[in-house]
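Protein chains get the first letters and strands the later ones, always in sequence-line order, with residue 1 at the start of each.
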Amino acid sequence: MRSLIRQYLDEGLSRRGFIRELGALGVSLASAQTLLASLSDAQADTLSDAGLDESIARIVTGNGSDMIFETFEQAGVKYIFHGCGGGTNRFFDSVLQRPGLKNFLATNEGQAVAMAEGYHIASGGELGVAMIPRPGLMNAGGNIHNAMVNRSSMIVLTAREHNKFSNRRGNIELVEWEDVLDPFMKWGYKMQNFGRVPEFTRRAIKVARTPPGGPVFLQMTENLYQETGEGTILPQNRFHVAGGVRAKPELIEQAARMLIEAENPMLVVGLEVTKSGGQAELIELAELLAIPVMQGLSAFADFPSRHELALGWFTRFSVYMRKSDLMLLIGSQMPDEGHYVLTGPPAENTKICHISLEPEMLAMAWPTDLSIMADARAAIVDLTEAVKSMLTKRRITAIRAARHPVVTEYIQADRARKLKRAKRFWDRTPITYPRLSTELNDLLDDDAIIVSESLFDVAPWFDVGHGRKLQIGPQPGEVLGWATGVALGAKLAQPDRQVVALSGDGAFMFQNALWSLSRYDAPVLIVIYNNKAYNMNWAFNRTGGGAQARAKKDLATYLGNPDVDYVMWAKSHGIDGEGVTDPGKLRAAIKRGIGVVRDGRPYLLDVHAERWGGVGDYTWHPEISIAGMRTRKV
Amino acid sequence: MTTLRLLCAVAVLVILNPANGAPADGADLYAQFCQGCHNNNAAGLQQFTGSIEEFQGILEGERDTTMPDFYGVFGPEEVAELYRYIRSPEPG
Ligand SMILES: Cc1ncc(C[n+]2csc(CCOP(=O)(O)OP(=O)(O)O)c2C)c(N)n1
Ligand SMILES: [Mg+2]
C-alpha cells in the first residue's frame, strides 16, 4: 500500500491505475476515493522547481539517468565505482557523455562499495558513489553495513524494472532488496517521477553528507531512461547542512568541572573525532592536563598511536579501566561488552561523561553522569577553553606536572614490556604478527595509508594518527572482504601517497579486488598475513573450553588444506608478488614490493605468519573427501 | 629504575582508587574479567595446572599467548583469589 501511494504521488501511477491496484488489494471503491482526496492535498505540498531563483538554476535536457549524473557532477562527483547489469547499464550512456566522470568496474559489488568508501575516507570526505545492479545488492550488503558503521558518506545507486512490470515477479525475485538493506542505510528513495529526479538526487547527496554521514540508496525505475525532458539542476552547496553542532555552554562547563576534579581521568575517543576534523584539538586537550587516551571503536587512529599519552587500543583489561575515576568518551560509542571480547564498561564507581553527535549512542545501556550531544571537534575546543577559563595557568601547570610522569612512565613501561615480549619471538618462523607489522611500519613512508582488516592486535605496531601514517581499518563493522577494495579507492583519492592493504588470509579470500587493482593500474602493496587459519575464531573458541577445545580439534577454522598460493593467484591477474617464509628476508621483500609500487603496479606479499594465541601447533582438520564417497568414478 | 618508576605509577593509581578497600573475591573478579573468554565456572581453564607464579606470569603477559595483558590490574591478594577460584570454581 505504501509503495502504491508513493507511486501515485510521484506520478508513476494514474488515478485510475491507483484505484485499480487498490481494488486488487481488496480496498473498496469508496475508500479508495476518500484516500485519493486526502492524497491530492499532500500532492499540493510537493516542491515545485518552478518557483526557484533562476540565477542559480541550470536547465538541462536529457533522460532520468542524465539528470542523476548532471546532479552528481555539479556536486563534485568524479568517480563511479560499480558492478554490471541489473538495469544499471544504461547509466553508462550518461557517464560516457560526461568526460569529467570516470568509472571503475568491480567484479563483485561488495568491492565497488569498499572502493567508494576508501575514496570517501582518504579524500577527506568526498562523496563516494557505488552503482549496484540489483542482483548484486546482497553482495554489496556487507560492505554497505561496514560503511554505515563508519558513517561514510556514499550514494548506492540502483535501477529497477519498468513500472509496467513492477512487483510481478513474486516475493523471492529481486523485489525491494533495497528495503532489506534499509537498516544499513541512512536514508533511501525510489524515484518514479522524471520531474523530481534532480530533487531526490540532491537530497540523497545532502543526507549522505550531513554529519553523521552514511550510505544512502537512490533507485530509479527503467521507464525514466525512456523519458526525456528538461530538468533543473541546482548547486549542491545550496543544500549543504553544516556540522559543528555545539553543546550548551553550561553542559561544557559541567564536563570541564568533572575533568578538573577527577584525580585519574581518562579519555576514550572514537571516529567522530576524525570525522569532525578534531584530531589536533584532541591532542591539545589531552596534553593540557596530561590525560591518557584510549582508542575506542573506530576505523581510524583518532589519537596518534605513538603519542606519549596514548594508552593504545581499547581494552577493558587495563589498569586505567579499573582505576580511573572519570571516563570521558568523545565521539566514540560506549565500548559495551556486546562489541567483542576486549570491550566492556568501566568499573562501577567510575563517572562517565559521554559526548557524541548521535543521541542514540548516548546513555544507551550504561548509567551516564553527563551526556552531551555535540560535534566532537566543537566540544573538544569548547572543553579546552572552559578548562583554561576555569583554572589559572599555574593550576593547570600543577595538575599537568603531577600527572604527566605517572601516566607517561606507565605507558612507556607498558610499551617496553610488550616490545620485549614480542622480541622474544622476533626471529621465529613462521613470522610473528608484531615482527611483520614492525618491519612494514619502519619501511613504509611516514605518510603512508594503511588499510587493514581482521588482524587482531596488529594496529598497535603502527605509527598512525594525526601527522603520521593514515590508518583506515580494521573495520569495526566486522564484515570481512573489504581492505583491497578500500585501498583502490584510497589510492585514487591520494595518488601521491603510498597505500598498503593488509589482510589475514581468511579476510583476503573474502575480497575480490585483484582484477580491478590490476585493470586500473593501482599501485598498492598488498600484504597477506597468511597463517592458514581463521585464527581469531579458533583462539577465542579454545579459551572457552568445550568439546572441541578438550579434544584440541577444531572443525571450522583451519585453512591450510589446500594451501593456497596467493602469489600465483595474483599473477593470474597480472600482479607480481612473492612469498616470504624467512624472517631474515622479510625486509628485502618489503623493499622490493615498495619498489614495484613506486614503478606503478600493485604487488602482493604472501607472508607466512604465525598462528597466535597459543594455537601455533594446530593443523588438525576433518578429513572429508567427497570423491571418496562415490561408488563409481563419475 | 624503570621498574621502580612503573611500580610507583601503578601504586599511585591503586592508592587513588577509592574502591580498592573492598576485599577481593575470586568469583566476582572471574565474572568481571575472565568469564567472557574462559566461560562459566572456569570451564576453559580446566587444563591449567600451573603454579601461582606461573599464573601470575600469564596475567602479566609473560607467556606466549594472546590473552589480554592484565599487567598491574590486580593486587597480590586478587591474584591469589583468582588462582584459588580457577582451581576450584564454585558451581553456578
Ligand atoms: C563476512 C564475514 N564472515 C565471517 C566473519 C567472522 N570472522 C571474524 S574474524 C574471522 C577470521 C579472520 O581470519 P584471517 O583474516 O585469516 O585473520 P586471523 O584471525 O587469522 O589473523 C572470521 C571468519 C566475519 N567477520 N565476516
Ligand atoms: Mg589467518
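- Look at A:R322 and B:E78 and you find a salt bridge, because one of the NZ, NE, NH1 or NH2 atoms lies within 4.0 Å of a carboxylate O, short of that distance.
- By number of non-hydrogen pairs under 4.5 angstrom with chain B, the leading residue of A:G546, A:A549, A:G544 is A:G544.
- Remark: A:K418 engages A:D414 in a side-chain hydrogen bond (donor to acceptor under 3.5 Å, both in side chains) (not counting sequence neighbours).
- Every side-chain hydrogen bond (donor to acceptor under 3.5 Å, both in side chains) that A:R435 has, sequence neighbours left out, goes to A:D427, A:E439.
- Using a 4.5 Å cut-off between non-hydrogen atoms, the part of residues 44-54 of chain B that approaches chain A consists of B:G44, B:Q47.
- Residues satisfying the salt bridge (Lys or Arg N to Asp or Glu O under 4.0 Å) test with A:E478, not counting sequence neighbours, are none.
- Counting heavy atoms from C-beta on, the side chains of A:F456 and A:Y433 never come closer than 4.5 Å.
- No side-chain heavy atom of A:L289 sits less than 4.5 Å from a side-chain heavy atom of A:P265.
- Looking only at atom types and distance, the side chain of A:T438 has no donor-acceptor partner in the side chain of A:N441 under 3.5 Å away.
- For chain A, the nearby part of B:E60 is the backbone; its heavy atoms alone come within less than 4.5 Å.
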